[in-house]
Amino acid sequence: MNGNLTRQHCNWMARTPHIGALRIDELILAGTHNAGMDKQSPNISLPQEITQDVSPLEQIRNGIRVLDLRVCFYDKHPTGDPRRFQIFHATSSGRTVATDILDAINSFYRELEQSGSTAREVVILDFHQFKNFTDEAHHQLAWLIINSLKERLIPYELCALKLDELWAQHPGRNVVIAYKHSITHWKFWDAVDQCWSGVNLISTSNLKLFMNEVAEGRKPDYQLQSIQCAKYVLPFHVPDDFSEKINEWFKSESADSYIQKFHIINTDWSLRSNIVENCIHANIIKAGLRRPALRIQPRVIKP
């Protein structure tokens with residue numbers, strides 16, 4: 001794992017005011033594929049299930065701003081029990097939405113506020129897949145999310161605001177809920193459009209070809225869109241660590257860099273690569289196109 005996890009990116013949005021010229025859907029953000037399936041999870045035992053090194057909270061503390069979440073409903077646990085809604089891929093990781101996602105997000109913002117930092121970090125929780133759900137389970141999960149995050153939620157009606165406007169007019173609103181189901185809530189955004197090749201065991205070269213096709217398209221305004229830059233590898237069918245290619249493909253140098261063609265970039269082993277640093281720089285470049293007077297500082301990414 002990248003040895004530079006010193007949380008220097010915990011408040012990178014607040015320290016990069018240039019991005020105030022952009023809307024949320026225009027940002028270039030590092031996301032974690034299967035965010036709650038990490039090595040520190042309480043129940044994970046199969047290597048095929050492990051896609052991240054550290055907990056969702058540590059991911060956010062280190063600059064990740066989008067969590068790809070799949071939730072399983074366990075009706076054997078009573079209402080109010082955190083175990084009722086657990087993070088899963090093929091099996092449950094033992095992480096719960098209540099504790100490991102919602103409470104963790106609130107803890108993250110309290111840490112920023114207690115340190116004297118302006119809590120301007122925008123986090124997107126992408127509830128992308130549901131297992132064993134009923135209509136009532138969706139209503140219960142929506143209530144849990146809304147009751148936990150309260151005024152931190154950014155309702156979809158604010159989607160047209162630039163970050164500068166959001167921060168000025170609605171301070172303290174930090175979290176976008178994207179929810180992929182017809183039973184939703186008016187505060188939630190539509191599901192993230194996850195662009196995936198449809199093949200788990202895809203070669204690195206073919207993954208890049210797929211990404212090139214996505215890069216040629218145009219995202220509709222106000223829609224959240226991600227590229228699924230993740231794949232599995234034989235002989236054990238485990239999530240591949242191809243960080244060197246991710247660093248190469250998404251290196252941010254100018255307005256012509258490949259990374260400018262994307263928005264949310266979901267990867268496995270997300271903190272092993274330079275994806276967070278590249279996204280930060282890419283947003284500065286993108287904002288600079290809106291505000292030509294900005295002087296874009298050169299930067300160096302460690303190999």
Inter-residue atom distance L67.CG - I105.CD1, 0.5 Å rounding:
5.5 Å
Sidechain N-carboxylate O distance under 4.0 Å for R83, D81
yes
Nearest non-hydrogen partners of N43 and G94, listed with the distance
ND2-CA, 3.3 Å
N147 side chain to W143 backbone, donor-acceptor under 3.5 Å
no
Smallest heavy-atom separation, A230 atom then D268 atom, equals CB-OD2, 3.4 Å
Could you tell me which non-hydrogen atom of G20 sits nearest to which non-hydrogen atom of W167, and how far apart they are?
CA-CZ3, 4.1 Å
Do the two ring centres, one from F188 and one from F127, sit under 6.0 Å apart?
no
Within-4.5 Å side-chain heavy-atom neighbours: L27 and N283
yes
Where do S93 and E49 land on the side-chain hydrogen bond (donor to acceptor under 3.5 Å, both in side chains) test, with the steps shown first?
CA-CA 8 Å; S93 69; E49 292 284 87; over 6 Å; no
A side-chain contact here means heavy atoms from C-beta on lying under 4.5 Å apart; do C229 and W249 qualify?
yes
Rounded to the nearest 0.5 Å, what's the gap from CD1 on I60 to SG on C10? Could you check?
11.5 Å
Verify, without hydrogens or angle tests, whether Q59 (side chain) and V54 (backbone) share a donor-acceptor contact under 3.5 angstrom.
yes
For D25, what residues pass the salt bridge (charged side-chain N to carboxylate O under 4.0 Å, His left out) criterion, not counting sequence neighbours?
R23, K219
What distance separates Y258 OH from M211 CE, expressed to the nearest 0.5 Å?
4.0 Å
Mind listing the closest non-hydrogen atom pair of A30 and C279 along with its distance?
N-SG, 3.6 Å
Pair S257, K251: side-chain N/O donor-acceptor within cut-off below 3.5 Å:
no
Under 3.5 Å donor-acceptor, N34 side chain and H89 backbone
no
Has the side chain of W186 got a donor or acceptor atom that lies under 3.5 Å from a matching backbone atom of E157?
no
Run R110 and E113 through salt bridge (charged side-chain N to carboxylate O under 4.0 Å, His left out) and show every step you take.
CA-CA 5 Å; R110 284 195 297 269; E113 291 159 352; over 6 Å; no
Can you tell if the side chain of L57 reaches within under 4.5 Å of the side chain of F108, non-hydrogen atoms only?
yes
Pick one: which of V214, N206, N212 meets side chain to side chain contact (heavy atoms under 4.5 Å, CB included) with F210?
V214
Let me confirm one number: the CG-CD1 distance from L149 to I101, rounded to the nearest 0.5 Å.
10.5 Å
Of all residues at least two apart in sequence or in a different chain, which pass the ring pair (Phe, Tyr, Trp, His ring centres under 6.0 Å) check with F130?
F133, H138, Y179
Gap separating the CZ atom of R65 from the CG atom of N174, nearest 0.5 angstrom
10.0 Å
Are R95 and D38 side-chain neighbours, meaning at least one heavy-atom pair lies under 4.5 Å?
yes
Can you confirm whether more than 12 heavy atoms, excluding those of K187, are under 6.0 Å from its NZ atom?
yes
Does S107 reach the main-chain N or O of D103 with its side chain, forming a donor-acceptor pair under 3.5 Å?
yes
Measuring only between side-chain heavy atoms, which start at C-beta, is M13 closer than 4.5 Å to L29?
yes
Interatomic distance, CD1@I284 vs NE2@H281, rounded to 0.5 Å, equals 6.0 Å
Is there a salt bridge (charged side-chain N to carboxylate O under 4.0 Å, His left out) between E248 and K208 once you walk through the steps?
CA-CA 11 Å; E248 175 188 327; K208 181 60 163 57; over 6 Å; no
Give a yes or no on whether the backbone of I19 and the side-chain of T16 come within a donor-acceptor separation of less than 3.5 Å.
no
Smallest separation among heavy atoms of E253 and I285, with atom names
O-CD1, 4.3 Å
Sequence neighbours left out, what pairs pass salt bridge (charged side-chain N to carboxylate O under 4.0 Å, His left out) with at least one residue falling in residues 168-186?
E151-R173
Between Q52 (side chain only) and S270 (backbone N and O only), is there a donor and an acceptor less than 3.5 Å apart?
yes
